[in-house]
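Just below is one structure, and these are the notes that go with it.
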Amino acid sequence: MEAVLKNLASTVELLAVAEHSGEVKQWNKPTLSRAFHWALYCEHVFSRFHKNSAISRVMEKQLQLTNQSLRDALPGYNEVSFSDLSRCQHLLVVGLLNNAELPSSIMKILFDTTSPVNLVRSEHEDVTGFCSHIIQCKSAYKVLSPLADPSAVGADAEVQGEMLMETLGALLTQGSDARQAGNFLASVLQGCEGAAQHFCLVIAAALLTTKNSAAQTAAQDFVLDWLQNEHGVLQDMCSALPTTILVDLAKELQKFRDGYCDVLKKWASDMEYSLSDGEWIQTSTNPTVSFQKLTEHFLALFEAHPSLKGKTEKELHDLKISDGDFDVRGLSVWGDLLSALNK
């Protein structure tokens, strides 16, 4: 029993380091694996002894002593109770993501969904990457806020989006500058390399989560501003995401709505009329969007926000005039777009 109590105390201290200490700058993949190993150990301890009142009281007393020591050393420390041991891995993940000193290398491991790594292996359970682990936490503890339509983005993106916003909120409220928050987003993007659509889903899920605090609101504003500067990411979102998700974002967020509209106009400006096909085609190197799909995007945007229709049509009409104001098909993409929108 003495060894078990010592291990419990050490693991709780590890959780405190994960959330509050700059030592996480030195963490690497083996360090992370060992941390999950001890978190899983505590979960097994809870599973084995939580129905034994005599032993659980002894463990609770040990945790109280450890909590007192950590509370004196770390302002803002959150105590860990015996019942908390049942979700020790969850506490580890949340603590790491709330630590502004977490290195991007660890962030990439936690957010890697293209080739998840085995962090812990035991006879009872495999913990393979952040995504599968935290989804289990969500199912068991319901720690996440509901999305406008959670089924649209998928459970994994929903969970990662929530945690992304929590981390950004922590960064922005702990005195970090915008550059550090931007580096964090860049590390998540790099972690999703080869899975651009998944990253777009994560960002969409992040923006659609319910905002319950000033920190979360600040995080949302930061992501929206970041998208305005990262035009490639915003274009990828508009190209990769289902129209239903884009419409949800446009309904809720003016900055996204304006950016979405700008992307659509950019796509139109990149089109040339093909005489052989009798259709407007996109000539840019970005993922191509057909003229029909472009029209569908505009119609969905107008349906989501009717007041945008008049303003946008005026802009398109002005662009048509700048092209010569011809009503002959194939001479102005703006004129043909107006005709298609008003059928």
Side-chain angles (χ1 to χ4, degrees), residues 6-44 66-67 69-71 73-80 84-85 87-122 125-137 143 159-160 162-177 179-193 199 202 219:
K6 182 178 179 181
N7 289 336
L8 287 182
S10 297
T11 305
V12 171
E13 291 170 354
L14 172 66
L15 294 177
V17 168
E19 183 167 8
H20 297 284
S21 174
E23 291 184 18
V24 296
K25 287 181 178 179
Q26 309 303 321
W27 282 31
N28 53 24
K29 183 176 176 180
T31 310
L32 188 65
S33 179
R34 289 193 296 272
F36 272 101
H37 169 84
W38 286 110
L40 181 60
Y41 168 87
C42 287
E43 291 183 9
H44 289 331
T66 305
N67 284 328
S69 175
L70 291 170
R71 191 167 56 246
L74 299 170
Y77 168 73
N78 296 313
E79 296 189 359
V80 176
D84 288 331
L85 298 180
R87 57 191 186 108
C88 205
Q89 292 178 89
H90 168 75
L91 296 178
L92 174 60
V93 171
V94 173
L96 285 169
L97 293 178
N98 282 333
N99 192 329
E101 303 297 331
L102 187 68
S104 60
S105 58
I106 298 298
M107 190 73 65
K108 288 167 61 177
I109 294 174
L110 294 178
F111 276 92
D112 186 5
T113 59
T114 58
S115 56
V117 296
N118 287 334
L119 294 175
V120 180
R121 183 176 295 276
S122 75
E125 177 181 13
D126 289 339
V127 181
T128 55
F130 172 71
C131 180
S132 59
H133 161 70
I134 200 67
I135 287 174
Q136 295 169 8
C137 292
V143 298
V159 174
Q160 287 182 300
E162 175 73 15
M163 301 311 298
L164 183 147
M165 295 302 273
E166 286 190 11
T167 305
L168 276 177
L171 285 171
L172 295 169
T173 56
Q174 291 173 4
S176 302
D177 57 23
R179 182 174 57 182
Q180 186 171 2
N183 289 341
F184 162 69
L185 277 176
S187 71
V188 177
L189 175 60
Q190 188 176 1
C192 292
E193 186 175 356
F199 177 76
V202 171

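Every heavy atom of this structure was used, including side-chain atoms; hydrogens, water molecules and symmetry mates were not. Just so it is clear, the structure is predicted and the values come from calculations on it, not from any experiment.
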Rounded distance (nearest 0.5 Å) linking atom [atom1] of [X] with atom [atom2] of [Y]:
{"X": "L32", "Y": "H37", "atom1": "CG", "atom2": "NE2", "value": "13.5 Å"}
{"X": "L8", "Y": "Y41", "atom1": "CG", "atom2": "OH", "value": "6.0 Å"}
{"X": "F36", "Y": "L96", "atom1": "CZ", "atom2": "CG", "value": "7.0 Å"}
{"X": "D84", "Y": "E43", "atom1": "CG", "atom2": "CD", "value": "11.0 Å"}
{"X": "K25", "Y": "S105", "atom1": "NZ", "atom2": "OG", "value": "12.5 Å"}
{"X": "W27", "Y": "R34", "atom1": "CH2", "atom2": "CZ", "value": "9.5 Å"}

Please examine the side chains of [Y] and [X], heavy atoms only from C-beta on, and report whether any two atoms are closer than 4.5 Å.
{"X": "N78", "Y": "L15", "result": "no"}
{"X": "Q89", "Y": "L40", "result": "yes"}
{"X": "N28", "Y": "T31", "result": "yes"}
{"X": "L168", "Y": "L185", "result": "yes"}
{"X": "L70", "Y": "E13", "result": "yes"}

Side chains of N7 and S10, donor plus acceptor under 3.5 Å: no
Partners meeting side chain to side chain donor-acceptor pair (under 3.5 Å) with S21 (sequence neighbours left out): none
Nearest heavy atoms of T11 and C88, plus distance in Å: CG2-SG, 4.2 Å
V24 to V17 - nearest heavy-atom pair and separation: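 Nearest heavy atoms, V24 then V17: CG1-O, 3.7 Å.
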